[in-house]
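A quick write-up on the structure given underneath.
Only this structure's heavy atoms are used, side chains among them; waters, hydrogens and symmetry mates stay out. Counting from 1, the numbers follow the sequence of the chain as shown.
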Amino acid sequence: MSTAPDPRERELHILAVRQHRHRAPLRRPFVTAARRTEAVEYVVAEVELAGGIVGQGSAAETVAVTGESADSIAEALSGPLRQALEGARGTVAELSARIAGALEGGTSARAACDVALHDAWARAAGSPLVELLGGRADDGLMNDMTVSLEEPEVMAERARAAVAGGEEILKIKLGHDIDEDRRRLAAVIAAAPSARLRLDANQGWSPEQAIDIITGFEIDALPIDLVEQPVAAANVEGMARVAAAVELPIMADESVWSVEDAHRLVEAGAADLLNIKLAKTGGIPQALAIADVAQAAGIECMIGAMMEPRISITAAAHVAIAHPAITMIDLDPPFWFASDSPPGGFTQSGGWLRLTGGPGLGLQRLRADEDGGDT
Ligand SMILES: [Mg+2]
């Protein structure tokens with residue numbers, strides 16, 4: 001009787017770390033309380049193993065959120081991350097730890113490199129990444145569609161169109177001004193009364209404003225599932241005050257980047273739910289570790305993303321489907337891109353996202369001259 005070798009014990013040998021840059025226009029501007037984006041500058045990281053297997057990850061410029069520009073992401077990949085990995089040998093966990101220790105900050109650059117490593121590892125094992133992380137490739141999760149922060153009538157029309165297109169869950173961007181926010185939400189609900197809503201204030205309210213507006217939504221019994229990051233990221237005490245004062249679940253996003261943040265929020269009673277993003281955690285093991293903290297505390301998680309390309313979103317979907325505490329996804333960015341490439345990874349129908357299977361992330365390799373890449 002023979003036992004199949006455990007892919008987690010397999011020694012990998014990294015030959016090269018490379019990158020290429022892309023600029024992909026969006027179908028329409030993406031607007032939140034923090035920023036406005038019309039085209040996404042992103043960097044694809046490639047990790048090549050001995051034997052020629054190449055994995056890919058990606059990171060988008062999000063100066064307003066992670067502080068990283070396309071230039072800083074490219075510099076991190078060609079500098080400290082390349083130095084930490086090229087020629088290195090080890091298990092996937094050992095190599096991932098090298099990525100985590102290669103630089104301070106630079107979380108989306110590290111995430112791109114770590115996803116490329118995990119894609120290459122799973123390709124070498126001939127398995128979908130989700131299965132190597134403990135999940136099932138044929139599982140799926142219900143996705144949502146974001147409605148940008150705009151004038152109420154514009155948001156209402158976007159919400160109506162999304163529901164007509166089969167979406168059941170809408171993520172509504174608020175956080176600009178609470179009186180306008182009330183008008184925005186009323187317009188959205190009038191236009192899309194069947195939708196379940198996730199509200200995201202992107203830190204735009206004070207604790208007092210948050211308690212005021214959320215309590216009003218509760219009195220009106222609006223179809224809201226959760227309220228994300230009502231107050232400033234660093235105001236853990238304020239988050240706790242809001243969470244204690246309202247019935248609706250409060251989700252932390254900008255407040256949770258690390259396992260330490262997750263512990264702090266849980267201990268303060270500052271979040272009922274956590275939103276995990278690879279571009280914040282800097283890699284896959286750290287994202288799963290946050291989900292472990294949440295699971296131990298009886299807290300459910302969502303996986304979200306920045307306005308990132310399909311490679312990043314597919315990686316996030318594998319991680320989400322792999323962990324039992326991750327029950328929600330907010331992974332609509334591919335539908336914002338004018339050209340969504342490379343092919344593969346996942347499909348979506350009626351809001352339901354499923355992985356395609358296939359080794360690694362299940363994506364075709366994105367070439368340097370595709371999707372707005374410079375040659
Ligand atoms: Mg958010």
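- Taking the six-membered ring for Trp and thresholds of 30 and 60 degrees, Tyr42 and Phe337 have ring planes more than 60 degrees apart, a perpendicular arrangement.
- Not one N or O on the side chain of Gln364 forms a donor-acceptor pair closer than 3.5 Å with the backbone of Pro342.
- Side-chain atoms of Leu141 and Leu353, non-hydrogen and from C-beta on, never get closer than 4.5 Å to each other.
- The two residues Ala120 and Val54 come nearest to each other via the heavy atoms CB-C, 4.4 Å.
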With side chain to side chain contact (heavy atoms under 4.5 Å, CB included) as the test, would you mind laying out the steps for Phe30 and Arg35 before giving the verdict?
CA-CA 8 Å; Phe30 176 71; Arg35 64 193 182 113; 4.1 Å; yes
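- Contact of the Leu174 side chain with the Val227 side chain is not registered, since no non-hydrogen atoms from C-beta on lie closer than 4.5 Å.
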Salt bridge (charged side-chain N to carboxylate O under 4.0 Å, His left out) between Lys173 and Glu150, worked out
CA-CA 8 Å; Lys173 291 292 191 180; Glu150 307 268 8; over 6 Å; no
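- Of the N and O atoms on the side chains of Asp292 and His323, at least one donor lies less than 3.5 Å from an acceptor on the other residue.
- Rounding to the nearest 0.5 Å places CG of Leu363 at 7.0 Å from CG of Asp119.
- Annotation: the span from Met142 atom CE to Glu167 atom CD amounts to 9.0 Å, rounded to 0.5 Å.
- For the atom pair Leu12 CG and Ser96 OG, the distance stands at 11.0 Å (nearest 0.5 Å).
- No side-chain donor-acceptor contact under 3.5 Å links Glu228 to the backbone of Asp200.
- A single hydrophobic cluster is seen to contain both Leu117 and Leu288, as judged by linkage of ILVMFWY side chains at heavy-atom distances under 4.5 Å, directly or through other members.
- Judged purely by atom type and a 3.5 angstrom limit, Asp220 has no side-chain atom pairing as donor or acceptor with the backbone of Leu222.
- Between Thr91 and Glu9, the closest heavy-atom pair is CG2-O, 4.0 Å.
- Salt bridge status for Glu260 with Arg264: absent, with no side-chain N to carboxylate O gap under 4.0 Å.
- In terms of heavy-atom proximity, Ala243 sits nearest to Asp272 at CB-OD2, 4.3 Å.
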Intermediate values then yes/no, salt bridge (charged side-chain N to carboxylate O under 4.0 Å, His left out), Glu237 and Arg241
CA-CA 6 Å; Glu237 179 275 327; Arg241 216 150 21 100; 2.8 Å; yes
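- For the pair Cys113/Leu77, a side-chain contact is recorded, criterion being any heavy-atom separation below 4.5 Å from C-beta on.
- Closest heavy-atom contact between Ala191 and Ala156: CB-O, 3.3 Å.
- Going from atom CD of Glu94 over to atom CZ of Arg8 covers 13.5 Å, rounded to the nearest 0.5 Å.
- At distances below 3.5 Å, not a single donor-acceptor pair connects side-chain atoms of Glu308 with backbone N or O atoms of Pro333.
- You'll find the side chain of Pro207 reaches within 4.5 Å of the side chain of Asn235, heavy atoms only.
- In this structure, CG in Asp114 is found 4.5 Å from CD1 in Ile99, a value given to the nearest 0.5 Å.
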Under the side chain to side chain contact (heavy atoms under 4.5 Å, CB included) rule, what do Val256 and Asn275 come out as? Steps first, then yes or no, please.
CA-CA 7 Å; Val256 56; Asn275 185 348; 5.5 Å; no
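- Leu226 and Leu248 are assigned to two separate hydrophobic clusters, defined by single-linkage of ILVMFWY side chains at heavy-atom distances under 4.5 Å.
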Please assess Ile313 against Arg310 for the test side chain to side chain contact (heavy atoms under 4.5 Å, CB included), listing each intermediate value before the final yes or no.
CA-CA 5 Å; Ile313 301 307; Arg310 191 174 185 88; 5.5 Å; no
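- Of the candidates Asp253, Asp330, Asp144, Asp332, Arg198 forms a salt bridge (charged side-chain N to carboxylate O under 4.0 Å, His left out) with just one, namely Asp144.
- A 6.0 Å sphere centred on CZ of Arg82 holds no more than 12 heavy atoms belonging to other residues, nucleotides or ligands.
- Side-chain heavy atoms closer than 4.5 Å link hydrophobic residues (I, L, V, M, F, W, Y) into clusters, and following such links, even through other members, never connects Val31 to Leu170.
- Counting only N and O atoms by type, the side chains of Gln286 and Ser258 include no donor and acceptor under 3.5 Å apart.
- The closest donor-acceptor contact from the side chain of Ser72 to the backbone of Glu68 lies at 3.5 Å or more, if one exists at all.
- Classification of Asp225 and Lys171 as a salt-bridged pair fails, no side-chain N sitting under 4.0 Å from a carboxylate O.
- Both Leu132 and Val115 are members of a single hydrophobic cluster when ILVMFWY side chains are connected at heavy-atom separations under 4.5 Å.
- Between the side chains of Glu370 and His22, no donor N or O sits under 3.5 Å from an acceptor N or O.
- Scanning all heavy atoms of the two residues, the minimum distance from Ile250 to Pro230 falls at CG2-CD, 3.9 Å.
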Report the C-alpha distance between Phe346 and Asn143 in whole Å, list the side-chain angles of each, state the deciding distance to 0.1 Å, and finish with yes or no for side chain to side chain contact (heavy atoms under 4.5 Å, CB included).
CA-CA 12 Å; Phe346 66 89; Asn143 207 350; 5.7 Å; no
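- Residue Arg27 qualifies as enclosed at atom CZ: its count of foreign heavy atoms under 6.0 Å is above 12.
- Remark: Ser341 OG to Ile311 CD1 distance equals 8.0 Å, nearest 0.5 Å.
- For the pair Trp121 and Leu129, the minimum side-chain heavy-atom distance is below 4.5 Å.
- Side-chain contact between Phe217 and Asp181 is absent, with no heavy-atom pair separated by less than 4.5 Å.
- One finds no salt bridge joining Arg183 and Glu180 here, because no Lys/Arg side-chain nitrogen approaches an Asp/Glu carboxylate oxygen to under 4.0 Å.
- Contact annotation: the side chain of Ser312 never approaches that of Leu278 to less than 4.5 Å [non-hydrogen atoms, C-beta and beyond].
- Although no hydrogens or angles enter the test, the distance criterion places no donor-acceptor pair under 3.5 Å between the side chain of Ser108 and the main chain of Ala279.
- With hydrogens and angles disregarded, no donor-acceptor distance shorter than 3.5 Å links the side chain of Ser127 to the backbone of Ala122.
- Under the 4.5 Å side-chain contact rule for hydrophobic residues, Met302 and Val266 do not share a cluster.
- When atom types are taken as modelled, the side chain of Arg158 and the backbone of Thr146 share no donor-acceptor pair closer than 3.5 angstrom.
- Here the side chains of Ile284 and His318 are not in contact, with every heavy-atom distance at 4.5 Å or above.
- When atom types are taken as modelled, the side chain of Thr281 and the backbone of Gly283 share a donor-acceptor pair closer than 3.5 angstrom.
- In this structure, Arg36 and Pro29 approach most closely via the heavy-atom pair NH2-CG, 3.5 Å.
- The backbone N or O of Ala16 sits nowhere less than 3.5 Å from a side-chain atom of Glu48 that would complete a donor-acceptor pair.
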